[in-house]
Amino acid sequence: MAHISVPNNEVPGWIRWAATRDHTLLWRLLSLGLFAGAWEIAGQIPINYALPPFSQTFMAFLGMVADGSLIGAYATTLQPLVIGIAISAVLGVSIGVLMGLRPMAEWLAAPVFVVMQAAPMAALIPLITFVYGIGMTSKVLAVCVLALPVIVLNCYKAVRNVNPSLVAMCKSFQGTRWQQVAKIVIPDASPLIFAGLRLGISAGFIGIVLAELLITPTGIGDLITYHRSVANYAEMYATVVSIIVFSAVTVGGLQRVELTLFRPEKREIA
Amino acid sequence: MPAALPRIHERTMPAIRDNIVEVRGLSKFYGGFQALKEIDLDFPEGELISLLGPSGCGKTTLLKMIAGLLEPSAGQVFVKGKAVTGPGPERAFVFQDFALMPWATVLRNVAFGLELRGTPKPERHETARRYIAEVGLAGFEERYPHELSGGMRQRVGLARALAVNADVLLMDEPFSAVDEQTRRKFQEDLLHLRRVQRKTFIFVTHSIEEAVYVSDRIVLLSRRPGRVSRIIEPDIPRDGTPDEIRRDRRYLDTVEDIWDGLKQFVD
């Protein structure tokens, strides 16, 4: 019987270190450092009067955290964002999974979501404002309109791509339809479902920023609009970069959650 | 388990033998293409029967219809006298591509048939551990399929099928995705398993040698449409070493005989 190779202690430490996942963090930080450096140089030249160097932007960021304006803005922005993403996630995963499982649902819903994904949905935001006014509803809808199609279509594809052999296996052991979905289809589809959720969340971020820029300036959108109007470019950039970083961290965090909850076998190797 | 079953070549063919699986007038169409045409077959209890034939002769289709995974276009399958309408607890399937859940440990994979039946966790894990040990994977319970070799994965698939204690094991080219050495080891294991377990094995293979080596009975299928062309009962001594058997005149003659019959289908 063959033995599974396990990392043993004879391997030098640095090789083991290089073989682990930890170093990807280093490369990522390095990549960010390079970007910040290039930005700093571009800002110092300067290539444009509206482009402050990285250091100045970073100081502005600290200042905005200190005076509470950034935190207040996030509190405002996060409300419709979280509600919108929660609605999109629950609704999107349900619709998508249903579409994958039932041809009726597929015929009914697929064309709508395919069109929604292909269309520039941002163009609908003024229409949403026209119908629902400038309040919370519009902003939540703006998030949903952007996040929902990508989540639905990914879930649908995920369920469609479930290994047919595993489904047959479940059937051969007299698994019920429900067991088939809960024990085979969802776990096997979960990587693609989560990929869809990640894309959906980033689309949701686009939606909320668009909504805050186009509907009424509140939260982050307000900070960006205000600082641009008074030519506080450092503050404006700090806000823009902060929302980008926030979005990236959220999406990355979801990947962690996925690995922990659904794919125990990938935890060690991912 | 009975202490000793009579050796295969010593056993005289009884006049009446219970057929655990009966296939009657089975046909299968895929659109306009007829994969199987009016198959009538009996599978006696406790035997190891191979379905052998050229690729595309419908042997896997036939097996999946016996398993209840495919619906016949015409005809019926009876298992223990009852018509098959779907998968049942008296049949267990071993998949060509192993069909293991990559997110589950060996233990959970093996216990999966019992998990679906609602067997309590301690009980099904105990059963699973026993069969994991039986297929020679003790110590690998907490591993994931991607950590195992192809041969070991198929052992997991076999243990999973054994764990539900079905009377009929349906094996769809179980050894075709493993290397030759593992394959030979598997054939020995299968013969051993056949001796210690009171089970009927229906075994799909495209290897003539494999079929002759392990089977009590070989069903030769022809192609387009798939029909039963011959049924062979290899008369091969089972008491020798594997090498002796593979050099035995009767073994070689049977292989040659089947090859002569199959040649016409090779294009």
Side-chain angles (χ1 to χ4, degrees), chain A residues 1-8 19-21 93 97 103 155 158-159 161-195 197 254-270, chain B residues 60 63-64 66-70 86-106 108-109 111-118 135-140 142-152 155 157 160-161 163-164 166 169-170 172 179 181-182 185:
Chain A
M1 185 88 345
H3 282 284
I4 286 178
S5 65
V6 283
N8 56 41
T20 56
R21 194 164 179 272
V93 172
V97 169
C155 291
V159 171
N161 281 322
V162 163
N163 183 352
S165 187
L166 284 180
V167 174
M169 185 275 290
C170 186
K171 275 189 202 157
S172 82
F173 289 105
Q174 302 102 56
T176 59
R177 179 71 169 153
W178 172 242
Q179 285 177 322
Q180 204 187 95
V181 173
K183 290 177 190 284
I184 299 291
V185 174
I186 302 287
D188 202 34
S190 73
L192 271 178
I193 291 179
F194 272 92
L197 281 176
L254 189 74
Q255 199 159 13
R256 289 289 169 91
V257 171
E258 175 205 350
L259 286 180
T260 319
L261 287 182
F262 286 91
R263 305 299 284 216
E265 88 281 8
K266 296 219 172 117
R267 237 177 285 156
E268 295 99 19
I269 55 165
Chain B
T60 295
L63 193 76
K64 287 196 168 161
I66 295 172
L69 290 172
L70 273 180
E90 68 292 331
R91 284 157 289 152
F93 205 94
V94 178
F95 290 83
Q96 182 176 8
D97 62 353
F98 321 134
L100 301 180
M101 300 176 289
W103 59 87
T105 59
V106 167
R108 186 169 172 222
N109 266 296
F112 192 65
L114 299 168
E115 182 182 333
L116 291 177
R117 285 178 193 184
V135 298
L137 284 180
F140 290 91
E142 300 305 324
R143 299 283 186 165
Y144 288 96
H146 72 84
E147 299 174 294
L148 307 179
S149 69
M152 290 158 91
R155 284 170 194 276
R160 178 177 59 196
V164 294
L169 278 178
L170 305 165
D172 182 16
D179 58 76
Q181 290 92 324
T182 315
K185 178 79 175 67

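Only a predicted model underlies this, so the values are computations on that prediction, with no experimental measurement involved. In the text below, chain A, chain B and the rest are named by the order of the sequence lines, each starting its count at 1.
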For the residue pair B:F93 and B:F95, categorise the inter-ring angle as parallel (less than 30°), tilted (30 to 60°) or perpendicular (more than 60°).
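Tilted: the ring planes of B:F93 and B:F95 meet at 30° to 60°.
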Is chain A contacted by the side chain of [X], its backbone, both, or neither, given a heavy-atom distance below 4.5 Å?
| X | value |
| --- | --- |
| B:L100 | backbone |
| B:F112 | side chain |
| B:R160 | both |
| B:Q96 | neither |

Tell me the closest heavy-atom pair linking A:A189 and A:V159, and the distance in Å.
CB-N, 4.1 Å
Quick one: does A:Q174's side chain have a donor or acceptor within less than 3.5 Å of a partner on A:S172's backbone?
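Checking the backbone N and O of A:S172 against the side chain of A:Q174, a donor-acceptor pair under 3.5 Å is found.
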Taking the side chain from B:R155 and the backbone from B:G136, do they hold a donor-acceptor pair closer than 3.5 Å?
no
Top contributor to chain A interface from B:A161, B:A92, B:G88, B:G139 [non-hydrogen pairs under 4.5 Å]:
B:G88
Output a table of donor-acceptor pairs, distance under 3.5 Å, between side-chain atoms of residues 163-171 of chain A and any protein atom two or more places apart or on a different chain; print 'none' if there are none.
residue, atom, partner, partner atom, Å
A:N163, OD1, A:S165, N, 3.0
A:S165, OG, B:D97, OD1, 2.7
A:S165, OG, B:D97, OD2, 2.9

